[in-house]
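A, B, ... follow the sequence lines: proteins, then strands. Residue 1 opens every chain. These numbers come from a predicted model, not from an experiment.
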Protein chains: 2
Amino acid sequence: MKSIYKEIYDDLVRDIEAGKYGPNTLLPSENELMNYYDTSRQTVRKALNHLSQDGYIQKIRGKGSVVLDRSSLDFPLSWLASFKELSNKMNINAKTKVHSLKIMEPTPTLAEHLQTGTDKEIWEVVRVRNIDGQNVILDKDYIKRDLVPNLTIKTCEQSIFEFIEKELNLEISYAKKVFSAQDATKEDKELLDLKHYNVVIVVQNYIYLKDTTLLQYTESRHRPDKFKFIDFARRELNK
Amino acid sequence: MKSIYKEIYDDLVRDIEAGKYGPNTLLPSENELMNYYDTSRQTVRKALNHLSQDGYIQKIRGKGSVVLDRSSLDFPLSWLASFKELSNKMNINAKTKVHSLKIMEPTPTLAEHLQTGTDKEIWEVVRVRNIDGQNVILDKDYIKRDLVPNLTIKTCEQSIFEFIEKELNLEISYAKKVFSAQDATKEDKELLDLKHYNVVIVVQNYIYLKDTTLLQYTESRHRPDKFKFIDFARRELNK
DNA sequence: GAGTGGTCTAGACCACGGA
DNA sequence: CCGTGGTCTAGACCACTCC
């Protein structure tokens with residue numbers, strides 16, 4: 001059973017993306033939505049606040065909720081999303097090749113990234129993402145084995161994300177991402193079609209479950225010209 | 001007069017950062033906070049939800065609000081912050097040199113970025129950020145002149161941000177950032193100490209006021225090895 | 001003045017975790 | 001079982017925008 005505010009949120013997202021409410025027009029007022037969904041104002045406001053948080057609308061006191069123009073925003077890929085989800089949304093001709101999949105004991109560096117001991121087994125998954133015939137992203141995933149006992153090449157070719165959430169019923173709650181640029185390593189040069197570039201854009205991703213345990217550390221190494229990341233940020237506290 | 005939830009939020013942020021509530025310990029329960037501040041539960045929850053949003057805590061049903069470890073998070077520089085705010089927070093030896101400041105009519109490209117006409121005057125501010133004796137960031141700001149009539153070199157050396165908010169009383173509400181990498185231009189090579197790097201990390205920043213008008217377009221060009229950006233993201237809707 | 005969103009109250013019931 | 005957080009209600013008063 002979906003909660004009411006989530007239903008309202010989903011409805012409005014759908015309507016906005018379908019163009020039912022165009023950019024710079026007003027959404028129905030909180031009162032109208034309240035009556036329409038036969039619910040309390042707080043519930044409506046919760047839905048609207050999430051729309052605001054996610055960059056769909058701007059609430060203006062005395063006026064209403066203005067729909068923002070997200071056409072140039074393309075995809076809000078700031079948030080936790082898997083490569084598969086992304087490539088679907090963007091209609092990209094993408095393929096994934098699993099380069100290696102193995103169980104290992106972490107090096108001291110990896111143990112620190114994963115907040116675990118060097119004697120605890122972890123999975124190492126190395127995947128190459130191919131877009132339009134070019135190998136442009138190298139993904140290295142490190143996953144705690146005690147949380148994910150089994151992993152197959154087939155799963156890694158699809159979406160590890162989906163597998164973890166749907167098959168294992170682990171709830172991913174939040175993540176910390178660190179963006180930087182690094183000199184390309186020998187491995188980068190071997191596995192990617194780097195052309196003349198001597199640096200790669202690195203996205204380190206620490207993925208946490210809802211009980212705050214760290215599940216996975218991922219390093220995504222992008223060829224510079226194929227890297228793009230969009231972020232929507234609010235300065236004020238949400239109302 | 002500060003609102004109650006903001007007061008609670010600020011208090012808790014202060015206490016968490018001061019170490020009064022250490023990582024992996026529990027905050028007082030919603031009931032306790034409710035009594036302490038003599039307010040309703042909803043008001044307390046609003047404050048806690050913002051803490052959750054900002055990566056300070058994880059709320060766990062049946063248990064409480066767990067303080068997350070932000071020591072490695074350093075600074076949540078994902079969010080709207082000026083260079084001055086940042087360098088203050090990070091104790092960095094940073095200097096700003098204004099390379100040029102002028103009024104111009106936008107090129108077609110710039111007009112599109114700023115969502116304005118090619119006949120409307122805009123400011124162009126070019127600044128070089130020097131960290132530890134090296135020129136590592138080139139900031140190019142384009143600001144609508146009708147919103148900001150006057151701008152001085154002195155202001156640009158300090159913080160344009162502060163000037164806009166405090167002197168002009170314009171309320172900045174949200175921003176869209178686009179991260180990418182580009183081949184270094186002739187200008188990059190002239191103004192920055194680029195060493196052997198042939199690409200720069202570019203952060204395009206579109207800054208909006210609370211009435212949804214676009215105020216400013218900024219392009220921040222970073223030497224790759226000095227670029228770092230940290231993002232905290234939640235997968236679930238906030239509760 | 002009428003309508004909008006922003007803050008807040010005082011209740012209620014539910015789902016979950018831990019002892 | 002009790003205490004936790006998650007959802008929701010039905011009111012209230014305020015600040016703001018627009019006419």
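Remark: P of dG6(C) and CG of Leu48(A) are 9 Å apart, rounded to the nearest angstrom. Atom CZ in Arg45(B) sits roughly 13 Å away from atom P in dT4(D) (whole-Å rounding). Look at CG on Asp38(B): it is 12 Å from C1' on dA10(C), rounded to the nearest Å. Here the P atom of nucleotide dG5(C) and the CG atom of Leu51(A) are 13 Å apart, to the nearest Å. What separates CD1 of Ile57(B) from P of dG6(D) is a distance of 9 Å, to the nearest Å. Atom CG of Asn49(A) and atom P of dT4(C) are 17 Å apart (whole Å). If you measure from atom NZ of Lys2(B) to atom P of dC14(D), you get 22 Å, rounded to the nearest angstrom. Rounded to whole Å, atom P of dT7(C) lies 17 Å from atom OH of Tyr37(B).
Side-chain atoms of Arg41(B) lie closest to dT7(D) of the nucleotides dT7(C), dT7(D), dT4(D). You'll find that the side chain of Ser40(A) is closest to dC8(D), out of dC8(D), dC8(C), dG6(D). Taking the side chain of Lys63(A) as heavy atoms from C-beta on, and the options dG6(D), dC18(D), dT7(D), the nearest nucleotide is dC18(D).
Side-chain atoms of Tyr217(A) and Gln115(A) form no donor-acceptor pair, as typed in the model, at a separation below 3.5 Å.
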Item to check | salt bridge (Lys or Arg N to Asp or Glu O under 4.0 Å) evaluation trace for Glu219(B) with Lys140(B) | outcome: CA-CA 5 Å; Glu219(B) 213 173 283; Lys140(B) 304 175 76 169; 5.6 Å; no

Checklist entry - Are Asn31(B) and Ser29(B) close enough, and set up right, to give a side chain to side chain donor-acceptor pair (under 3.5 Å), and what steps lead you there? => result CA-CA 5 Å; Asn31(B) 257 305; Ser29(B) 74; 5.3 Å; no

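One cannot find a donor-acceptor pair under 3.5 Å joining the base of dG3(D) and the side-chain atoms of Arg61(B). Between the base of dT9(C) and the side chain of Gln42(B) there is a donor-acceptor pair shorter than 3.5 Å.
Contact annotation: Thr39(A) side-chain N/O to dC8(D) OP1/OP2 distance is not under 4.0 Å. Remark: Ser29(B) is not in phosphate contact with dG3(D), judged by side-chain N or O atoms under 4.0 Å from OP1 or OP2. Side-chain N/O atoms of Thr43(A) include one lying less than 4.0 angstrom from OP1 or OP2 on dT9(D).
Using a 4.0 Å heavy-atom cutoff across all strands shown, Ile4(B) reaches sugar-phosphate atoms only and no base atom.
Between Lys210(B) and Gly62(B), it is Gly62(B) whose nearest contact on DNA chain D lies nearer the 5' terminus.
Under the 6.0 Å cut-off for aromatic ring centres, Tyr174(B) and Phe232(A) qualify, their centroids lying closer than that.
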